[in-house]
Novice: 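First the structure, then my questions, so here it is.
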Amino acid sequence: MAKTICVIGLGYIGLPTATMFAGNAGYRVIGVDINPTIIKQLHQGKIHIQEPGLEEIFYQAWKAGKIIISETVQPADVFIIAVPTPILPDKAADLSYVVDATRSIVTVIKKGNLVVLESTVPPATINKIISPIFREAGIDPSKDILVAHCPERVLPGHILDELIHNDRVIGGFTPAAAEAAKQYYSSFVKGGIFLTDATTAEMVKIMENTFRDVNIALANEFALMGEELGIDIWQAIDIANHHPRVKILRPGPGVGGHCIAVDPWFLVQTLPLIAQLVRKAREINDLMPHHVVEKVDRILEEIQNPKIAILGLTFKGDVDDIRESPAIKIIEYLKDKGYQLNYYDPFVKQSQFPGIHKNVEAGVTGADLILVLTDHSSFKLLDASNLLQRMRTRIVFDTRHILNSVHWLEAGCTFYALGTPDSLYVKQLGD
Ligand code: SAJ
């Protein structure tokens, strides 16, 4: 009989993972979530997230009865925990969803079952928080059951491809647990699977996202320097990146999403005296939305009752996710300062963000400033002349270096970009 896998948490990671096990690997999958809206939608064979290719595979697996949706945890051979681990206001990890999921497993787990934690957690969470929950229930996590950490590492927008082709790390509470988890994951993972202990795997995952956060902070700090030095930092980065061992990332209006802006805090929380660089990088990236707002203030200083057209709300380009988006923070700050705002984002629905315009023309009509906050690929194709003629004042501020400045300047506007001095593009126009 096919083995049963119970996936707890059907969000951006749990749903694609459940679909992989059911669709590609032929297991019987029970998908569990506590959100009734999500459950209702999945019960109709539809998915609640936008991820290329996912809906079709999910629908096929759901129609074939290989994936069953449930509001409660059911007995299974394997339990996969894929619930969120946000941060609390004091920047400590909120492990309540992980703890609740573990407790719900305790009620149905049997000897020999495997529990895999996919959620990103502070180092030693399996040893210090999850194992004691099983022990308190009279279950020995080193003998009676198998417990492992297999952190997700996929990039939103590329989830299916990365689930299959990325390498994975699996850390076992015992070596046998790591081996057992590998058996299941190798049914769809084509990348390498590296086995280690649970705490090392927890650390590996946080190190990856911290590496990216620190490097984005460096790019952002360079951008601030570019503005002060009177140079175009994008050009400088482009030239520097021709060095064979240099790969500077892209500056931007801040770091969003619920991973890179969150996970480094787990290190600060665990090792506050050592994690100095990690903390500073977080602070620099968190400063960027304020920097964008200061620059907007300067740009619009002379304009009466200024109206801003915000282009892009999601935390990064070509995804539909506005959670923890720097754009949302910037919007809050601008609203507090009394600016009138219009919004456009081709990936965001009215239900996600009420008041958003359906087309970009309506979004920019009557505006004094187009403020680009997300690097959606389609923004490269915007018709500058058509949009500029609908504005009251023709000013553009691109925080993502996604617009073609020459094209926009030729169409007739004042152009500003993050990481460049205010005068740069005006000078290029020969004013
Ligand atoms: N960003 C920049 N400049 C850059 C790159 C990114 O400002 O050069 C910003 C983005 O605009 C976004 C934020 O950083 O606001 C995060 O975007 P991202 O594409 O770097 O990462 P996520 O959050 O979509 O996914 C990351 C990935 N981790 C790494 O690349 C190390 C992914 O592989 C993880 O699975 C995911 O976090 C996760 O769930 O932990």
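Just so it is clear, the structure is predicted and the values come from calculations on it, not from any experiment. Start at 1 and go down the list; that is how both ligands and their atoms are numbered. Numbers here are sequence positions counted from 1.
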Novice: Evaluate E162 for polar contact with ligand 1, using N/O atom pairs at a separation under 3.5 Å.
Specialist: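 In this structure, E162 places no N or O atom under 3.5 Å from an N or O of ligand 1.
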Novice: Using 30° and 60° as the class limits, which term best fits the ring planes of Y185 and F21: parallel, tilted or perpendicular?
Specialist: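 Y185 and F21: perpendicular rings.
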Novice: Pick from E118, E208, E162: which one makes a salt bridge (Lys or Arg N to Asp or Glu O under 4.0 Å) with R153?
Specialist: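 Testing each of E118, E208, E162 against R153, the sole residue satisfying salt bridge (Lys or Arg N to Asp or Glu O under 4.0 Å) is E208.
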Novice: Take a 6.0 Å sphere around CZ of F347 and say whether it holds more than 12 heavy atoms from other residues, nucleotides or ligands.
Specialist: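 Check passes, neighbour count above 12.
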Novice: Considering only protein heavy atoms, which is closest to atom 12 (C) of ligand 1, and at what distance to one decimal place?
Specialist: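 I find the closest protein heavy atom is F315 O, 3.3 Å.
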Novice: More than 12 heavy atoms of other residues, nucleotides or ligands under 6.0 Å from CD1 of I34: is that the case?
Specialist: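 Open.
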Novice: Where is the nearest protein heavy atom to atom 11 (O) of ligand 1: which residue, which atom, and how far?
Specialist: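 I find the closest protein heavy atom is R400 NH1, 2.8 Å.
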Novice: Just jot down the ligand 1 atoms closer than 4.0 angstrom to any heavy atom of E208, in number order.
Specialist: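 Matching atoms, with element in brackets: 31 (C).
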Novice: Examine the proximity of ligand 1 to H258 and report which part, side chain or backbone, both or neither, has a heavy atom under 4.0 Å away.
Specialist: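 For H258, no heavy atom sits under 4.0 Å from ligand 1.
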Novice: Just to confirm my output: which protein heavy-atom neighbour is closest to atom 16 (C) of ligand 1, and how far is it?
Specialist: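 Going by distance alone, atom 16 (C) of ligand 1 is nearest to G256 O, 3.7 Å.
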Novice: Any idea which protein heavy atom is nearest atom 27 (C) of ligand 1, and the distance to it?
Specialist: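 For atom 27 (C) of ligand 1, the nearest protein heavy atom comes out as L155 CD1, 3.6 Å.
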Novice: Is it true that K205 and E152 have a side-chain N and a carboxylate O under 4.0 angstrom from each other?
Specialist: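 Counted as a salt bridge, because a side-chain N and a carboxylate O are separated by less than 4.0 Å.
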Novice: Are P326 and T399 packed together at the side-chain level, in the sense that at least one heavy-atom pair is separated by less than 4.5 angstrom?
Specialist: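 The answer is no; the side chains never approach within 4.5 Å.
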Novice: Side-chain contact, heavy-atom cut-off 4.5 Å: V169 with P151?
Specialist: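 Yes, close enough: below the 4.5 Å cut-off.
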Novice: For atom 21 (O) of ligand 1, which protein heavy atom lies nearest, and how many Å away is it?
Specialist: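 Answer for atom 21 (O) of ligand 1: I260 CD1, 3.5 Å.
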Novice: Using a strict cut-off of 4.0 Å, indicate which atoms of ligand 1 neighbour a heavy atom of P156.
Specialist: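 Those of ligand 1 that fall under 4.0 Å from P156 are 24 (O), 25 (O).
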Novice: Numbering the atoms of ligand 1 from 1, which are under 4.0 Å from a heavy atom of L249?
Specialist: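 Counting from 1, the qualifying ligand atoms are 8 (O).
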Novice: Out of D398, L387, T414, which one pairs with W408 under the side chain to side chain contact (heavy atoms under 4.5 Å, CB included) rule?
Specialist: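 It is L387; the other options fail the test.
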Novice: How about R28 and T4: does a side-chain donor come under 3.5 Å of a side-chain acceptor?
Specialist: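 Short answer, yes.
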Novice: Between R212 and ligand 1, which part of the residue brings a heavy atom under 4.0 Å of the ligand: side chain, backbone, both or neither?
Specialist: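 It is the side chain that gets close, since no backbone atom is under 4.0 Å.
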Novice: Need the ligand 1 atom indices (1-based, order shown) with element for anything under 4.0 Å from a heavy-atom of R153.
Specialist: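 What qualifies from ligand 1 is 32 (C), 33 (O), 34 (C), 35 (O).
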Novice: Heavy-atom contacts under 4.0 Å between I216 and ligand 1: side chain, backbone, both, or neither?
Specialist: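 The answer is the side chain of I216.
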Novice: K316 versus ligand 1: do any nitrogen or oxygen atoms come within less than 3.5 Å of each other?
Specialist: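 Yes, since at least one N or O of K316 sits under 3.5 Å from an N or O of ligand 1.
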Novice: Of all the heavy atoms in G257, does at least one lie under 4.0 Å from an atom in ligand 1?
Specialist: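 Judged by the 4.0 Å heavy-atom criterion, G257 does not count as contacting ligand 1.
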Novice: If only side-chain N and O atoms count, and only distance matters, is there a donor-acceptor pair under 3.5 Å linking E56 with Q60?
Specialist: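 Q60 vs E56: donor-acceptor pair found between side chains.
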Novice: Short list, please: which atoms of ligand 1 are under 4.0 Å from a heavy atom of C259?
Specialist: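 Listed by number with element: 36 (C), 37 (O), 38 (C), 39 (O), 40 (O).
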Novice: How far is atom 40 (O) of ligand 1 from its nearest protein heavy atom, and which residue and atom name does that atom have?
Specialist: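 The answer is K205 NZ, 2.5 Å.
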Novice: Return the residue, atom name and 0.1 Å-rounded distance of the protein heavy atom closest to atom 4 (C) of ligand 1.
Specialist: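 Here the nearest protein heavy atom works out to R250 O, 3.6 Å.
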Novice: Which atoms of ligand 1 are found less than 4.0 Å from any heavy atom of V154?
Specialist: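 Within the 4.0 Å cut-off of V154, ligand 1 contributes 32 (C), 33 (O), 34 (C), 35 (O), 36 (C).
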Novice: Would you say that L300 contacts Y339 through its side chain, given a criterion of any heavy-atom pair below 4.5 Å between the two side chains?
Specialist: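 In contact.
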Novice: Would you mind listing which atoms of ligand 1 come within a distance below 4.0 Å of any non-hydrogen atom of V255?
Specialist: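 Listed by number with element, the hits are 13 (C), 14 (O), 15 (O).
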Novice: Taking heavy atoms and a distance under 4.0 Å, where does K247 meet ligand 1: side chain, backbone, both or neither?
Specialist: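 Looking at K247 and ligand 1, no heavy atom falls under 4.0 Å.
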Novice: Mark yes when over 12 heavy atoms from residues, nucleotides or ligands other than E361 sit less than 6.0 Å from its CD; otherwise mark no.
Specialist: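 For E361, atom CD is crowded (more than 12 foreign heavy atoms under 6.0 Å).
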Novice: Should the pair D422-K295 be classified as a salt bridge under the 4.0 Å nitrogen-to-oxygen rule?
Specialist: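 Judged by the 4.0 Å cut-off on N to carboxylate O distance, D422 and K295 do form a salt bridge.
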Novice: For atom 28 (N) of ligand 1, what's the nearest protein heavy atom and its distance?
Specialist: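 Answer, as residue, atom name and distance: N209 OD1, 2.8 Å.
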